Each structure stands twice: as C-alpha cells, then as structure tokens.
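Right, one structure below, let's go through it.
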Amino acid sequence: MSDCTISPLQKARLSYAPKMPGILRGGKCAVSQGKVIMPPGNSIKIKEMFPKTYGKPLVTLCEGGGGSLGSSPLTVGVVLSGGPAPGGHNAIAGLFDALKAANPASRLVGFLNGPKGVMMNKSREITKELAAQYRNTGGFDMIGSGRDKIETAEELAACAKTAVETGLNALVIVGGDDSNTNAAILAEYCEAIKIAMRVIGLPKTIDGDMRNEYIEASFGFDTATRTYAKLVGNVCRDAMSSRKYYHFIKLMGRSASHVALEVALQTQPNMAIISEELQARKQTFSDVVDQIVDVICRRAASGKNYGVIVIPEGLLEFLDDFKSFLKELGLKLGEEESSLAALANEKERREHLHSKLSKDSAKVYRSLPVGVQEVLLRRDPHGNVVVSQIESEKAIIEYVTEKIEALAKEGKFKGKFAALGHFFGYEGRCGFPSNFDADYTYCLGYAGVQLIRAGLTGYTVSALNLAGPAEEWIFGGVPITSMLTLENRKGQWKPVIKKHLADLEGGPFKRFAAERDKWAIGDVYKFPGDIQFFGPSELTDARTLTLQLEAAAKKR
Ligand code: FBP
C-alpha cells in the first residue's frame, strides 16, 4: 500500500506493537489441565450429540515446551465468521506471528468470505507482507467474512475435503456464539472421521454476549462501545445545546443489552432501556412507552423539552407481549419454509404467515408496521431474527408521540415534543481497534496457536484477568461442548452456545440502576470523545466499565 492510499492514522497504527503477557511472548508454551465443566442445559443430549469432544477439561497456558505437536511446521487455516468486529486483522497477525515464531516453515491460509470459503476451498496465503498491511486496522476485509452455517453432512464433508486437500493441521474459526458452535460441530466431525484437522474458536462479537466465567470479553466490544459512546455523547451535547429534540438512539448488539448498558454507563443519557430488566419485570411494549412518556413529562415540568433515550437492538424479543408471538413465529417459519419460498412476493408471504398464526399472535403481527412484519419473515442462516433491521426506535417514537399528543389534549402535558430517531450499528464494527482490542486480538491469535500445538480440538480460547494490564492476562481454552445448550431455531432443536445476557445482579447493571434517576432529569451527560491511540495510558489503555465493574464485583 502506498502512502497516498492510506491515512496518516492508518500509517501510524501499522507500527503499533500489541502488548501481551510474558508467557505468550516466548512463542511456545504448554497447557495445564483444569476441571471438566458441564454444559448449562441438557448435558445428556449434548453428550449424545458430541461423543468425541464432550467432557474435555479446561486448560490454561503455562510455561513449557510447545505441546504434543512440538515445533514441527504446521499448516493452519483461519476463517472470519459473522459480523465484523474491530481487531479481526490482529487476530490473524497473532496467529501468523505465533506460527512463524515456533517454526518459520509453518503456513497460515486465510479462507475467503466466511465458512463458505472453507467449504469451497477458496483461500489466500497469509504472507508477511499481507499481514503487515493490515496490522492494527479495523475491518475483516483482508479475507472477508460470512454467516454460513456448517451443519449438514454435505457441508461437513466439503470442509473435510478442503482440510485434506490443503493439508490443514488446524482451522481457527473467529466468531461469536453461532460460529463457535460451527467449530464444535466441525471438531466433532473431524474426530469421528479421523482426520487430523484440529478446530479452535476465537471469541469475537461486538455484542459482548460470547462470554462466560472463562471468557471475560469477546473482542470488538471495547472498540464498538467506545465508538457508539462517542456518538451518543455528541448527541447528548447537541440535545443540550439545541434544546428542541428528543433523540431515540437504537444501538446494535443483538439480543443482549451489554452494548446499551456499557454506552449508558459511559454517557449517562436521560434514559436507557435494558431488555433483560423488562423481561424480569414481565413488561410489555406499552409499559416501555409509558416509562418514556413519564420521563418526558417530568423533564417538561422542569422546562426541559429535549433529551436522549438509548434503546437496545434486541428489545422486542424480551417484551412479554412479543415473546410468545416471536416463538410461535419462529416455529411457523420453520414449518412453512417451503410454502413461503414458493410465494411470489412479501405481501403474499405476510398474508400466508398471518393465516397460520394463532389468534393472539396474528393480532400482534398485524399491529406491527408493514416494514417490521417483513423483517420478521427473515432469519439469518443460524435462524436468528434479523434485529438490526427492525426499526424499533421509529415504532417507539410513533407510540410516544401519540401518547404525548393525547396528554396535551387533556391539558396534562404543557411542554413541546419533537423526536429524532437514530440507529448506531455498522458505524461501530470496523473502526481502528482500540489498544485493548488490538492487544487482546493479537494475544487471542497467539494463544490459539498454543492450543493447536498442544493437540487440542473443539476449544475456544479463554481469557481471564482482562481488567488488569496485558502482562497479567491469562489465556487458555474452554471446551466448546461445555458451553452448548439446546435452542429452538425455526422449529428445530439445535445445539448453540448459550448467549450471555446482561446480569441484573452484576456490577454494571447495579451501577446503572443506582445512578439512572439522577440522569433522567438532571443533565449529567458524559462525553467520552474519540478513542485515544496516543498519550497517557489512562486514556489509551482504559478498560470498558463493564470489565472494570465486573472485576470489582468479583473481588467483593
Ligand atoms: P456477530 O454476532 O456475528 O458478531 O454479529 C453481530 C452484529 O453486529 C449484531 O449486533 C447485529 O444484529 C448483526 O451483527 C447485524 O449483522 P447483519 O447485517 O449480518 O444482520
């Protein structure tokens, strides 16, 4: 890349050296075995589905000499799976450097455009020059990404064919819960048909939900939430300056509200909705509208006709009046898949689905704007509702406006109300990784190679102590089967990694709950500003409040 095709920041970031714990720096380490942990749900069923890879122990990287594969040259494949998250290129750089450090004859092959690249054996060699162009950059464009599922006998056989043709010792799948589930299924298959390809997952997703006791954070969450927090902070300042709009900001993050919670803690908007809390209180859409209207009225009474309200992307899935409807809809989409596919257009598909739903669900479906009805007809390849396309912020604005107008007519609202909707999502997925994400992803790649060298398969790289300095981070592996549960996707029970939802008893939510009343009426907005790459470490190496508050809660 010539200097005139890259920005000054791009150029400066190419030479950033990620921080890592001493144990990884040597390039070779051993693993120590820990306890065997049980999956969160039906362990008998998971054991039946994964007889070869079930019941393996947790492992931790420790000082040592390079595992069962020693320092023989390896050919390793890497595939980026699902939505982009800042740091993906550094995960590849970490894999590359760790492989070369142990044996310069080792190779890293990048499969193109997601899992289908593995199935179709479409790849590019990761060379020193290629890796150098992408170090510390955002995006997944070095090899592309995709959301394909690896599940059917044909898909698994296609992956195995690629493994044999390419001589792969291992495949690293970089992804979230669905992609790491792919890794578990493929690892089991390779063991069953006795091919030597190991399969290792790295925890990626801006959503922050690919996380548990052994994986403290998924990569990308840090940068994405800082990017959204900067934008939300700017909007808060605009609201306070112009004093004429209510900004309803939907934030990406899929089902869990981790992104909304972190951004709320960083910016202190007038209100932030946390879906998990609504679920716990069995609240409905109209309860949400009432709570927002209450804040607007109270602010109007203190002369403030402006404000900022943060809405998590997955809101609808948690509301009492939507949950059973969405469940039934998922089942019907599975049952009616072929009939729906045969219909000519969206209108016919909507009508068909409507006719198949129970009376209650049909009523909810009909009550939704046509655009939302159409989005709900779609599922991603893993069977997830495509929540990023549901314009819930607009629906909320519509109902809040109606209510405010009715109150004004009755003389109960004397303020002014003008609303603007925003959706911050894709803006946060491909930014330059923060130092945390640049360091973390590089280490994840490095650690992934150590698991491969130890001969492990069906593991996701685990990471502990992340609130502390990089020197103190602890890496290891968690067997993927120990994270699997059964979920109904389009009418079928499938093994999937249990999504980690925002914990109402956890440090981040407790802090939010203790502070939010002050934020509602007083304008105590915080303005995080841009991610800092240069300057004092308290700015460049800051941790998310989620990590800090969770670590503090653990210590108590
Ligand atoms: P992953 O779970 O694959 O990391 O993707 C995260 C995400 O950014 C979600 O927050 C969002 O709902 C989704 O991807 C949107 O992606 P798409 O445009 O492919 O539906």
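Ligands are counted one by one from 1 in listed order, and the atoms in each one are counted from 1 as well. Everything numeric here is computed off the predicted structure, so don't read it as measured data.
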>> Any heavy-atom pair between the side chains of Thr460 and Leu202 that's under 4.5 Å?
In response: no

> side chain to side chain contact (heavy atoms under 4.5 Å, CB included) with Ala542: which residues, sequence neighbours excluded?
Replying inline: Arg226

What residue and atom, counting heavy atoms only, is the protein's closest point to [atom], and at what distance?
atom: atom 9 (C) of ligand 1; answer: Asp207 OD1, 3.4 Å
atom: atom 19 (O) of ligand 1; answer: Arg147 NE, 2.9 Å
atom: atom 12 (O) of ligand 1; answer: Glu313 OE1, 2.7 Å
atom: atom 18 (O) of ligand 1; answer: Tyr426 OH, 2.5 Å
atom: atom 8 (O) of ligand 1; answer: Arg429 NH1, 3.0 Å
atom: atom 4 (O) of ligand 1; answer: Thr205 OG1, 2.8 Å

> Roughly how far apart are Lys250 NZ and Ile273 CD1, rounded to 0.5 Å?
Replying inline: 12.5 Å

> Do any nitrogen or oxygen atoms of Gly83 lie less than 3.5 angstrom from nitrogen or oxygen atoms of ligand 1?
Replying inline: yes

> Judged by non-hydrogen atoms, does Met210 sit under 4.0 Å from ligand 1?
Replying inline: no

>> I'd like to know whether ligand 1 has Gly253 as a neighbour, heavy-atom separation below 4.0 Å.
In response: yes

>> Using a 4.0 Å cut-off to any heavy atom of Gly82, which atoms of ligand 1 qualify?
In response: 3 (O)

>> Show me which atoms of ligand 1 lie under 4.0 Å from any heavy atom of Lys204.
In response: 1 (P), 3 (O), 4 (O)

> Counting N and O atoms only, with roles assigned by atom type, does the side chain of Thr205 sit under 3.5 Å from a partner on the main chain of Asp207, one being a donor and the other an acceptor?
Replying inline: yes

> Should the ring pair Tyr442 and Tyr446 be called parallel, tilted or perpendicular, given that the plane angle runs from 0 to 90° and is split at 30 and 60?
Replying inline: tilted

>> Between Glu317 and Lys323, does any NZ, NE, NH1 or NH2 come within less than 4.0 Å of an OD or OE carboxylate oxygen?
In response: no

>> Check Glu277 with Arg516, please: is the shortest side-chain N to carboxylate O separation under 4.0 Å?
In response: yes

Hey, can you pull the donor-acceptor pairs under 3.5 Å for the side chains in residues 392-400, sequence neighbours left out?
unit_1	atom_1	unit_2	atom_2	d
Lys394	NZ	Glu391	OE2	3.1

